[in-house]
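So that the names make sense, note that chain A is the first sequence line, chain B the second, and so on, each numbered from 1. All values below come from the heavy atoms of this structure, side chains included, with hydrogens, waters and symmetry mates left out.
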2 protein chains.
Amino acid sequence: MQMRDTIRESVARRRQRPLVIEVRDELERMILHGEIAPGERLNENALAEQLGVSRGPVREAARSLEREGLVQAVANQGVFVRKLSIADALELYDLRAMMAGYLCGALAGRADGAIRAELRGLVEAMDRAIAAGDERRYFDLNLQFHDRIAEASGAERARALYSALCKEVRLMRLRVLQGEPSLRQSNEEHRRIVAAIEAGDAAAATAAGAGHHENGKKRLLDTIGQRDT
Amino acid sequence: MQMRDTIRESVARRRQRPLVIEVRDELERMILHGEIAPGERLNENALAEQLGVSRGPVREAARSLEREGLVQAVANQGVFVRKLSIADALELYDLRAMMAGYLCGALAGRADGAIRAELRGLVEAMDRAIAAGDERRYFDLNLQFHDRIAEASGAERARALYSALCKEVRLMRLRVLQGEPSLRQSNEEHRRIVAAIEAGDAAAATAAGAGHHENGKKRLLDTIGQRDT
DNA sequence: GGATTGTAGATTGTCAACAATATTCTGTTG
DNA sequence: CAACAGAATATTGTTGACAATCTACAATCC
């Protein structure tokens with residue numbers, strides 16, 4: 001029974017963000033910024049008052065965050081910011097790497113001139129940031145680089161999962177000041193990813209994308225001084 | 001600040017499933033059984049009355065399902081059962097295959113005698129089901145086989161994702177009556193998975209697990225008569 | 001006759017109050 | 001003084017009501 005698309009489109013354009021979404025985003029921000037620490041409880045009353053809404057939207061937002069893995073609900077006790085074990089974190093890194101590989105592989109099969117140029121430009125900009133010793137800028141560009149790949153890949157579900165996994169990883173709150181050599185190495189990997197995408201080589205792009213993300217796991221293992229898988 | 005375990009245990013025992021969870025499970029069941037068709041709206045009032053609860057829990061449950069990908073919420077219009085495009089479905093099959101591969105690989109590194117024996121037993125039982133021409137039983141055992149791998153893998157997040165992706169795939173409501181030759185082939189792949197796990201060969205187990213799940217995608221492509229990736 | 005506008009009904013969004021449960025505090029007892 | 005019992009408090013679970021918004025239909029105008 002689908003009517004004219006023009007109507008549906010205008011409806012979609014007119015729709016405004018419901019309060020629940022606003023609340024969810026704000027809670028997510030608070031958690032990711034460490035304003036609510038892992039293991040801490042999300043007090044519905046306090047949050048509702050603080051955000052100027054009633055408890056309903058806060059509860060709905062919390063359910064949303066629960067499915068995303070950022071919080072855990074316990075019956076009659078409340079929802080708590082998730083506390084990651086080392087094993088959890090290692091698994092998250094694996095999954096994120098897999099997802100990144102998939103996104104890169106998907107993009108390799110469909111990248112047009114615009115996104116290719118954009119990715120090349122980002123890699124060069126990161127080179128300049130390294131040369132200028134601007135780690136903060138490198139960090140931002142790096143984020144943008146991976147976001148653009150995810151968006152342009154056309155793999156909507158994978159992009160959403162990748163994004164959620166990145167957020168979950170941030171629950172660890174690891175300080176990853178990398179230093180110049182590490183940055184240079186990282187951008188070299190970016191270059192390999194772009195090369196594989198431009199060559200239309202999906203397998204190589206998958207491998208390059210996944211491999212690049214496995215560094216996070218390696219750093220974590222170095223930090224805690226283990227040497228296992 | 002942990003007090004005696006006896007108290008904590010009794011608390012854990014006493015806690016009952018909140019209404020939201022019950023509602024979520026019921027809604028999920030209705031959607032997966034096609035009682036609410038893709039594209040259809042979830043009427044809060046009607047569902048609340050039907051389930052004997054108020055709209056609050058229904059709304060929270062819907063948010064939960066939204067994150068899981070089974071429904072989609074539109075502001076001021078309601079939440080709708082997600083309608084999958086062919087592209088969506090293909091992506092889901094890919095992601096599920098990846099996740100299954102990861103689970104098999106993880107299990108290869110930690111499978112003890114009990115789970116090995118259990119998996120072997122399931123494969124043999126599936127053989128017998130094929131011989132008896134009991135497709136329904138094969139279907140159940142197959143589900144159990146993959147569930148047990150997911151549980152025993154120890155990869156909690158991956159297991160949850162795998163489970164969610166399986167549910168999403170079911171939104172397609174594809175009839176997959178396979179016929180005996182296809183079943184035989186499928187169980188042969190199961191055997192390969194178990195062999196790789198028992199050999200402790202993570203790479204082989206990953207490949208076998210992923211490969212096995214790519215059949216679903218092939219069947220879908222056959223069905224719609226395409227030959228692309 | 002077709003398009004537009006206005007109105008009525010249905011539905012979602014939000015809230016505040018009440019009930020059920022968990023946590024904390026305090027006094028008592030062995 | 002430690003452990004327990006019970007009250008007091010805080011917090012979550014659930015509900016029904018009200019406001020905002022959308023959808024469908026009918027009356028009006030060109």
Asker: Think A:Q77 has a side-chain N or O under 4.0 angstrom from the OP1 or OP2 of D:dT12?
Answerer: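 No, no such contact exists.
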Asker: Can you tell me how far C1' of D:dT12 sits from CD of A:E60, to the nearest Å?
Answerer: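 Rounding to the nearest Å, CD of A:E60 and C1' of D:dT12 are 16 Å apart.
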Asker: Between B:G52 and A:G78, who's closer to the 5' end of DNA chain D by nearest nucleotide?
Answerer: A:G78
Asker: Do you know which two heavy atoms are closest between A:A155 and A:Y102, and how far apart they sit?
Answerer: CB-CE2, 3.9 Å
Asker: Please work out if A:R55 contacts a base, only the sugar-phosphate, or nothing of the nucleic acid, heavy-atom cut-off 4.0 Å.
Answerer: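 The answer is base, as A:R55 lies within the cut-off (heavy atoms under 4.0 Å) of a base atom.
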Asker: Please report the distance, rounded to the nearest Å, between CG in B:N45 and P in C:dG9.
Answerer: 16 Å
Asker: Send over the distance from A:N76 CG to D:dT9 C1', rounded to a whole Å.
Answerer: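 The distance from CG of A:N76 to C1' of D:dT9 comes to 16 Å, rounded to the nearest Å.
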Asker: Need one value for B:R59: base, sugar-phosphate or nothing, where a base atom within 4.0 Å counts as base even if backbone is also close, heavy atoms only.
Answerer: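 Base contact - B:R59 has a heavy atom under 4.0 Å of at least one base atom.
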Asker: Would you call A:R82 and A:E168 a salt bridge, using N to O less than 4.0 angstrom?
Answerer: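 Yes, charged N to carboxylate O under 4.0 Å.
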Asker: May I ask you to decide if the ring planes of B:H212 and B:H146 are parallel, tilted or perpendicular, using 30° and 60° as cut-offs?
Answerer: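 Parallel, since the angle between the ring planes stays under 30°.
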Asker: Taking only side-chain N and O atoms of A:N43, does any of them lie within less than 4.0 angstrom of OP1 or OP2 on D:dT11?
Answerer: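 The answer is yes; a side-chain N or O of A:N43 sits under 4.0 Å from OP1 or OP2.
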Asker: For A:L42, report the nucleic acid contact type (base, sugar-phosphate, nothing); a contact means any heavy atom under 4.0 Å.
Answerer: sugar-phosphate
Asker: How long is the line joining CZ of B:F80 and P of C:dT11, in whole Å?
Answerer: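 In whole Å, C:dT11 P lies 12 Å from B:F80 CZ.
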Asker: Please report the distance, rounded to the nearest Å, between CD in A:E22 and C1' in C:dT14.
Answerer: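 Atom-to-atom, A:E22 to C:dT14, this comes out as 14 Å.
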Asker: Grab the CD-P distance between A:E66 and D:dG13 for me, whole Å please.
Answerer: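 In whole Å, D:dG13 P lies 10 Å from A:E66 CD.
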Asker: Look at the aromatic rings of B:H190 and B:F145 and report parallel, tilted or perpendicular, splitting at 30° and 60°.
Answerer: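 Plane angle between 30° and 60°, so tilted.
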Asker: Looking at B:E156 and B:R159, does any basic side-chain N land under 4.0 Å from a carboxylate oxygen?
Answerer: yes
Asker: Looking across every strand, which nucleic acid part, if any, lies under 4.0 Å from A:G56 by heavy atom: base, sugar-phosphate, or nothing?
Answerer: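 Touches nothing.
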Asker: In this structure, how many angstroms lie between the C1' atom of D:dA19 and the CG atom of A:L19, rounded?
Answerer: 14 Å
Asker: Whole angstrom is fine here: how far is it from CD in A:E44 over to C1' in C:dA16?
Answerer: 14 Å
